[in-house]
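Step one of this worksheet: look at the structure below.
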Amino acid sequence: MKFPITKTRGGIVAVAAALALAVAGCSSDSSSDESSDGASGDAMGGGDANLAITFLPKNLGNAYFDTSDAGGETAIMEFGGTYEEVGPAEAGPDAQVSYINTLTQQGVGGIVVSANDPAAICDALNEARDNGVKVVTFDSDTNPECRDLFINQATADGIAQVQVDMIAEQIGDEGQVAILSASANATNQNAWIATMEEIFAADHPNIELVDTVYGDDDDQTSFDKTAALLQTYPDLKGIISPTTVGISAAARYLSTSDYKGEVALTGLGTPNQMREYVEDGTVTEFALWNPADLGYLAAYAAKALIEGEITGAEGDTFEAGDLGSYEVGADATVLLGDPYRFNADNIGDFDF
C-alpha cells in the first residue's frame with residue numbers, strides 16, 4: 001500500500017493527505033515473523049547497490065510499527081528497492097538478535113530497526129556492519145557506536161513547544177492551565193514540562209500554569225486526577241497531558257461532564273485513542289509524530305548510506321523523496337521534524 005505524502009522540507013507532513021492507512025495488511029506480502037530469502041538474488045533492487053532493506057520493529061502486530069514500516073515500504077517501492085519486515089512477536093531486550101543474525105547471513109543491504117534495548121543488540125548489529133550491512137535505527141535508538149544513523153522522531157524542545165502552542169491557541173492565550181503528566185520521575189515527561197514552563201514564562205504572560213499532577217500512566221488514576229483538577233481550580237481553562245494514557249483518560253472524563261467544550265484539552269495521543277473525542281467536540285487538537293513519515297525517512301536514509309551518498313558524518317545531506325532534503329546532525333542523528341497535529345480535518349486519515 002502506498003501513501004500520498006505531501007512534501008515539506010526537513011519536517012513533518014502537514015496535511016491530511018499524508019496518509020491513507022488501514023493498519024491491517026499494511027506490510028508487504030513478503031513480511032513474516034521469520035526472515036525469508038527475499039534479500040538475495042534478484043532482490044538487490046537494481047544496479048550495483050544492494051537495496052534490499054529490512055525493517056525490524058520492536059515487535060510485530062503493533063499498530064504503530066505497522067504504520068511506520070508501511071511508510072518505509074512506500075519509500076522503498078519508490079526508489080526500486082526490496083522491502084521486508086521481520087521481527088519477534090513479543091518485545092524483549094534481546095528478542096531481535098536472531099533476526100539481525102539471519103539478515104546478516106542473507107546479505108541484506110540495510111537493516112532499519114527500532115531497538116528494544118540500547119545495548120543488547122549491539123554485538124549483532126556491529127557484526128552486520130562488519131559484513132557491509134548499513135544499520136539505521138528509528139523511533140528507539142541503540143548506543144551510537146552500534147549503528148550508522150538514528151532517525152529521531154522529534155526533539156524534546158519541539159514536543160514541548162507544540163503543546164504550548166496548541167493550548168495557547170485553544171484558550172485565546174490567557175487563563176489558567178494545568179498539566180496532567182505520567183509519573184513524577186518520568187525523565188522525558190519532566191524534560192518536556194520544564195521546557196513548557198520556560199515557554200509559558202517567556203512567551204505567554206497571560207497564561208498561568210497553576211499545577212502539575214501525576215496520573216502514573218494509569219487510566220483510572222489519570223481520570224480521577226482530571227476530576228480533582230477541575231474541582232480545585234474552578235477557573236481552569238485548559239489541561240495539557242503529555243502522555244497517551246493521560247490525555248485519553250482526561251478526554252473520557254470531560255466528554256460526559258459539564259466541562260465539555262468549556263475546558264480545552266491537548267497533549268500527546270494517538271488517533272485511535274482520541275478519534276471519538278475529536279469527533280464529539282471534547283478535544284480540538286492534539287499532537288504526535290507521524291510514524292509513516294518516520295519509516296519513510298528511515299528507508300531513504302538507508303538508501304543514501306547503501307549508495308554511498310552519505311556516511312553518517314555530521315553535515316551530510318541527502319534527499320528523502322517527497323519529504324525533501326535532510327542533514328545529518330551530531331551523533332549521526334537525523335531529525336524528522338516537529339510533531340504532527342491531529343484534528344477533525346485529518347484524524348480520519350489515520351489508523352494507529
Side-chain angles (χ1 to χ4, degrees), residues 31-40 43-45 48-60 65 68-69 72 75-76 81-153 294-295 297-316 318 320 326-336:
S31 298
S32 68
D33 61 356
E34 295 182 359
S35 301
S36 75
D37 294 332
S40 59
M44 300 308 179
D48 295 329
N50 178 1
L51 295 178
I53 299 170
T54 298
F55 273 65
L56 177 55
K58 290 181 178 180
N59 62 298
L60 297 181
F65 290 113
S68 63
D69 293 5
I76 291 167
T82 301
Y83 166 83
E84 177 121 18
E85 180 195 52
V86 300
E90 301 291 336
D94 59 358
Q96 296 165 312
V97 170
S98 63
Y99 296 94
I100 296 166
N101 291 339
T102 299
L103 293 170
T104 301
Q105 293 167 4
Q106 289 180 335
V108 298
I111 298 172
V112 180
V113 57
S114 178
N116 278 318
D117 184 276
I121 63 175
C122 275
D123 287 346
L125 288 177
N126 280 328
E127 183 176 351
R129 295 169 73 204
D130 289 343
N131 282 274
V133 180
K134 300 302 182 182
V135 173
V136 175
T137 57
F138 77 110
D139 179 70
S140 180
D141 198 12
T142 59
N143 295 335
E145 64 271 17
C146 309
R147 42 71 172 171
D148 297 298
L149 277 180
F150 169 50
I151 310 302
N152 189 6
Q153 55 267 48
L294 191 65
L297 176 57
Y300 268 99
K303 171 183 181 290
L305 287 165
I306 291 166
E307 294 182 335
E309 181 182 355
I310 61 174
T311 64
E314 186 172 358
D316 279 354
F318 65 98
Y326 282 81
E327 182 173 331
V328 179
D331 297 321
T333 295
V334 177
L335 176 64
L336 174 62

Shortest non-hydrogen contact between Pro118 and Cys122, atoms and distance: O-SG, 3.3 Å
Reported CD1-to-NZ distance for the pair Ile310 and Lys134, which is rounded to 0.5 angstrom: 9.5 Å
Thr54 side chain near Val86 side chain, heavy-atom distance below 4.5 Å: yes
Distance, nearest 0.5 Å, that separates CG of Asn152 from OG of Ser140: 10.5 Å
Straight-line distance of Asp139 CG to Leu336 CG, nearest 0.5 Å: 11.0 Å
Straight-line distance of Ile111 CD1 to Thr104 OG1, nearest 0.5 Å: 5.0 Å
4.5 Å side-chain heavy-atom contact, Val334 and Phe150: no
Over all atoms of both residues, closest heavy-atom pair of Glu85 and Phe65: OE2-O, 4.2 Å
Atom of Asn116, atom of Gln96 and distance for their closest heavy-atom approach: N-OE1, 3.1 Å
Ser114 side chain near Asn59 side chain, heavy-atom distance below 4.5 Å: no
Val328 to Gly312 - nearest heavy-atom pair and separation: CG1-O, 3.5 Å
Residue pair Arg147 / Asp331: nearest heavy atoms and the distance that separates them: NH1-O, 2.8 Å
Minimum side-chain heavy-atom gap Val112-Leu56 below 4.5 Å: no
Side-chain touch Leu149/Leu305, heavy atoms, less than 4.5 angstrom: yes
Side chains of Leu51 and Ile76 in contact at under 4.5 Å (non-hydrogen atoms): no
Between CG on residue Asp94 and CG on residue Asp117, distance to nearest 0.5 Å: 8.5 Å
Side-chain heavy atoms of Phe138 within contact of Asp69, under 4.5 Å: yes
Under 3.5 Å: donor-acceptor pair, side chain of Asn50, backbone of Ala52: yes
Qualifying salt bridge (charged side-chain N to carboxylate O under 4.0 Å, His left out) pairs, either residue in residues 118-130, two or more places apart: Arg129-Asp148
Inter-residue atom distance Glu90.CD - Leu60.CG, 0.5 Å rounding: 10.0 Å
Ala115 versus Ile121, closest heavy-atom pair with distance: CB-CD1, 3.8 Å
Residue pair Ile53 / Val136, side-chain heavy-atom distance below 4.5 Å: no
Mutual orientation of the aromatic rings belonging to Tyr83 and Phe55 [parallel < 30°, tilted 30-60°, perpendicular > 60°]: tilted
